[in-house]
Amino acid sequence: MNACKSAGVDDMIIVGFDGNASAVDLILAGEMVKATVAQQPYEMGYQAVEAALKAIKGETVEEVINAPVTVVTAENGQEYLDSLAAMQG
């Protein structure tokens, strides 16, 4: 975003990845960042442990295991920030 601003580009739509709170702040402020994709680390870890247990037991493990993601935009950004704060205690 800063590079675009420095180059005088103001019609760019930027979508990030990782669901950082600072990115969500930019989204809510109406900056060029319009969305961020947030992974679900708890779900990723849970699925990894489930797959490991299956492998240990000699059961079939899927080659690809998908974990859900959340697309964070201006519409759900504050709710996402609130959920991050709740997780951090």
CG-CD distance between Leu28 and Gln78, expressed to the nearest 0.5 angstrom: 6.0 Å
Reported CD1-to-NZ distance for the pair Ile13 and Lys34, which is rounded to 0.5 angstrom: 7.0 Å
Are [Y] and [X] connected in a single hydrophobic cluster, I mean Ile/Leu/Val/Met/Phe/Trp/Tyr linked by side-chain heavy atoms less than 4.5 Å apart?
X: Ile27; Y: Met1; result: yes
X: Met12; Y: Val15; result: no
X: Val69; Y: Tyr42; result: no
X: Met87; Y: Tyr80; result: yes
X: Ile14; Y: Val71; result: no

Residue pairs passing the side chain to side chain donor-acceptor pair (under 3.5 Å) test where at least one lies in residues 8-33, sequence neighbours excluded: Lys5-Glu31
CZ/Phe17: more than 12 non-hydrogen atoms of other groups inside 6.0 Å: yes
Shortest non-hydrogen separation from [X] to [Y] and the atoms involved:
X: Met32; Y: Cys4; answer: CE-CB, 3.3 Å
X: Thr36; Y: Gly19; answer: OG1-N, 3.1 Å
X: Ala51; Y: Ile65; answer: CB-CD1, 3.7 Å

With sequence neighbours excluded, residues passing side chain to side chain donor-acceptor pair (under 3.5 Å) with [X]:
X: Glu75; result: Thr73
X: Glu79; result: none
X: Ser83; result: none

N/O donor-acceptor pair under 3.5 Å between Tyr46 side chain and Pro41 backbone: no
Min side-chain heavy-atom separation Val37-Thr70 under 4.5 Å: no
Counterpart residues, side-chain contact (heavy atoms from CB on, under 4.5 Å), relative to Ala21 (two or more places apart): Leu81, Leu84
Residue pairs fulfilling salt bridge (Lys or Arg N to Asp or Glu O under 4.0 Å) with at least one residue in residues 41-64, sequence neighbours excluded: none
